[in-house]
> 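Pasting a structure below so you can have a look.
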Amino acid sequence: MVVRAAQGLCSSADDAWLMTQIADGDHGAFAALVERYQQMVFALAYRHLGSRADAEDMAQETFVRLYQAAPRYRQAAPLRAYLLTITSRLCLNRSARAPRRREQGVDGSALEQFATVDAGPEQELLGRERALAVQRAVLALPDDQRLALLLFRFEGLSCEAVAEAMGKSVAAVTSLLWRARERLGHELEEFIGDDKTRKVLPARRFESLS
Amino acid sequence: MICADARARWAALKPPDPLGSELEAHVRNCSSCERLLEADRLVWRALGEWSAPPVSAGLLGRMEARLRPQPAQPMWFALAAACLALLGVSAGALLGGALQTHGSAQARAAATPSRSTEPSLQAAFTRYFDLAPARLLDGAYAELELLDRTP
């Protein structure tokens with residue numbers, strides 16, 4: 001298979017061109033497109049499902065569908081929005097089928113992402129505890145609230161774009177967002193805020209993490 | 001402005017977006033909303049600390065392996081499969097009228113792919129992609145394959 005996609009194309013270029021190349025069977029173009037979007041797709045799935053393995057499954061499924069659909073891609077359609085939409089729907093399907101996994105919380109790899117390199121031991125402890133609390137609270141949200149929040153907060157989508165991705169009305173999305181944010185505010189009351197208002201963490205909580 | 005309106009308006013904002021004069025005035029005079037909004041600001045900030053881990057390096061390779069065409073089966077394998085299929089059809093034909101009619105009707109119903117298994121995904125798909133042209137077999141197979149891939 002001739003590889004025609006240039007490395008480093010990612011800047012301004014054009015997803016439509018890559019999709020045309022993929023439709024012609026150019027695996028290099030597929031690799032370039034995956035390279036461009038895989039972290040975005042994976043991160044959304046990871047935050048939604050709380051598991052690296054499940055998130056990689058979702059990313060794989062999303063890109064395989066994209067590859068198979070390439071011959072019929074409409075050039076005017078924004079590919080990023082399509083990928084977020086498909087990932088969202090696949091995540092909702094997956095979490096509806098496996099709710100128990102979500103309740104188990106995030107897998108260990110997530111905590112590493114919060115480790116504060118320059119912080120002292122106490123600060124690091126607080127940071128890890130807060131990180132875990134945030135992840136648990138987000139994962140405990142109802143599926144649609146969680147997805148709306150992730151798309152809005154991490155993917156930078158507007159309410160309208162979130163509504164488009166989730167197949168809901170803008171009013172419904174606004175309501176989901178508010179309920180999610182309000183609930184997180186209650187759930188995380190003791191973990192967030194400045195040092196004066198935050199409660200002192202019991203040591204046993206940290207012991208359970210290590 | 002009532003609290004519900006204030007919260008709906010706030011939900012569409014991303015800190016530190018400006019509140020706007022109306023919302024700001026409401027929050028100044030409503031301690032309940034003020035508390036909620038302060039908590040929301042802190043939640044927003046805490047969420048910002050959550051970065052996802054990097055995707056594993058082998059993801060593309062696994063996808064490419066999945067998309068690689070499978071090698072063709074040898075001729076003897078195809079012949080054996082055809083013979084088995086023929087035997088199956090013959091045996092089915094011997095089973096008799098009423099039972100066969102009833103059974104095949106049920107089987108047809110069960111084998112019909114249900115487009116309702118993933119309606120929202122299908123709807124999303126058709127927003128971004130053209131449907132397969134009518135009577136174009138490979139397009140139709142691609143559509144069916146998408147449906148079949150639904151786990």
Side-chain angles (χ1 to χ4, degrees), chain A residues 27 30-31 34-35 38-39 42-43 46-47 52 55-56 59-61 63-65 67-69 71-74 77 81-82 85-86 89-90 92-93 109-110 112-114 127 130-131 134-135 138 149 152-154 158-159 165 167 171 174-175 177-178 181-182 184-186 188-189 191-193, chain B residues 4 6-15 35-56 58-68 117-133 138-139 142-143 145-146 149-151:
Chain A
H27 281 220
F30 181 63
V34 170
E35 181 68 29
Q38 63 178 352
Q39 186 60 34
F42 169 76
Y46 177 77
R47 291 191 181 106
R52 172 185 273 278
E56 293 204 350
Q60 198 177 133
E61 190 62 36
F63 285 110
V64 166
R65 285 178 189 240
Y67 182 89
Q68 290 166 336
R72 286 173 289 123
Y73 179 65
R74 290 183 205 141
Y82 169 71
T85 301
I86 297 304
R89 308 294 170 92
L90 288 172
L92 283 176
N93 288 352
S109 60
E112 295 163 16
Q113 301 306 308
F114 280 89
R130 185 171 64 234
V134 168
Q135 293 174 27
V138 172
L149 183 73
F152 189 70
R153 175 66 178 90
F154 293 101
S158 64
C159 284
T174 307
S175 167
L177 285 172
W178 178 253
R181 290 162 76 166
E182 186 181 22
L184 289 180
H186 289 306
L188 298 172
E189 200 173 2
F191 297 103
I192 56 180
Chain B
R7 291 167 194 182
R9 197 173 295 185
W10 172 262
L13 297 176
K14 298 177 184 184
R35 247 194 336 271
L36 281 171
L37 298 192
E38 185 50 36
D40 183 62
R41 281 200 186 98
L42 298 172
V43 164
W44 193 264
R45 201 175 62 194
L47 285 173
E49 295 171 16
W50 186 5
S51 59
V55 68
S56 74
L59 183 68
L60 177 63
R62 288 198 296 278
M63 277 188 278
E64 286 179 331
R66 190 170 153 187
L67 292 167
R68 200 170 296 136
T117 50
E118 209 174 20
S120 58
L121 188 55
Q122 286 301 309
F125 183 86
T126 52
R127 270 211 310 277
Y128 295 98
F129 291 89
D130 294 322
L131 289 173
D138 57 355
E143 290 290 331
E145 194 178 354
L146 278 171
R149 284 189 175 281
T150 306

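To find a chain, count down the sequence lines: A is the first, B the second, and so on, and within it residues start at 1.
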> Counting only non-hydrogen atoms closer than 4.5 Å, does A/Leu149 touch chain B with its backbone (N, CA, C, O), its side chain (CB onward), both, or neither?
side chain
> Tell me, out of B/Glu64, B/Arg62, B/Arg41, B/Lys14, who's got the most heavy-atom pairs with chain A below 4.5 Å.
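Most heavy-atom pairs within the cutoff with chain A belong to B/Lys14.
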> In sequence, state the C-alpha distance, the side-chain angles, and the governing distance for A/Arg181 and B/Val43, and then conclude on side-chain contact (heavy atoms from CB on, under 4.5 Å).
CA-CA 7 Å; A/Arg181 290 162 76 166; B/Val43 164; 5.5 Å; no
> Just by modelled atom types, is the B/Leu60 backbone N or O under 3.5 Å from a matching donor or acceptor in the A/Gln60 side chain?
no
> Counting N and O atoms only, with roles assigned by atom type, does the side chain of A/Arg47 sit under 3.5 Å from a partner on the main chain of B/Trp50, one being a donor and the other an acceptor?
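A pair under 3.5 Å: yes.
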> State the CE-CZ distance between B/Met63 and A/Phe30, to the nearest 0.5 angstrom.
5.0 Å
> Measure B/Glu38 against the heavy atoms of chain A and call it side chain, backbone, both or neither at under 4.5 Å.
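Neither the backbone nor the side chain of B/Glu38 comes within 4.5 Å of chain A.
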> Between the side chain of A/Gln38 and the main-chain N/O of B/Val55, is any donor-acceptor distance below 3.5 Å?
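No, the answer is negative, given that no donor and acceptor are paired below the 3.5 Å cut-off.
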> What are the two closest heavy atoms between A/Tyr46 and B/Pro53, and how far apart are they?
CE2-CD, 3.3 Å
> Which pair of non-hydrogen atoms, one from B/Ala39 and one from A/Gly185, has the smallest distance, and what is that distance?
CB-CA, 4.2 Å
> B/Ala11: what forms a side chain to side chain contact (heavy atoms under 4.5 Å, CB included) with it, not counting sequence neighbours?
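B/Ala11: side chain to side chain contact (heavy atoms under 4.5 Å, CB included) contacts with A/Thr174, A/Leu177, A/Trp178.
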> Give the member of A/Phe63, A/Phe154, A/Phe42, A/Tyr67 that has the highest number of heavy-atom pairs under 4.5 Å with chain B.
A/Phe42
> Once you round to the nearest 0.5 Å, how far does CD of A/Glu35 lie from CG of B/Leu59?
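Nearest 0.5 Å value for the CD-CG distance: 10.5 Å.
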> Shorter than 4.5 Å, heavy atoms on both sides: which option in B/Asp40, B/Leu36, B/Leu37 has the most such pairs with chain A?
B/Asp40
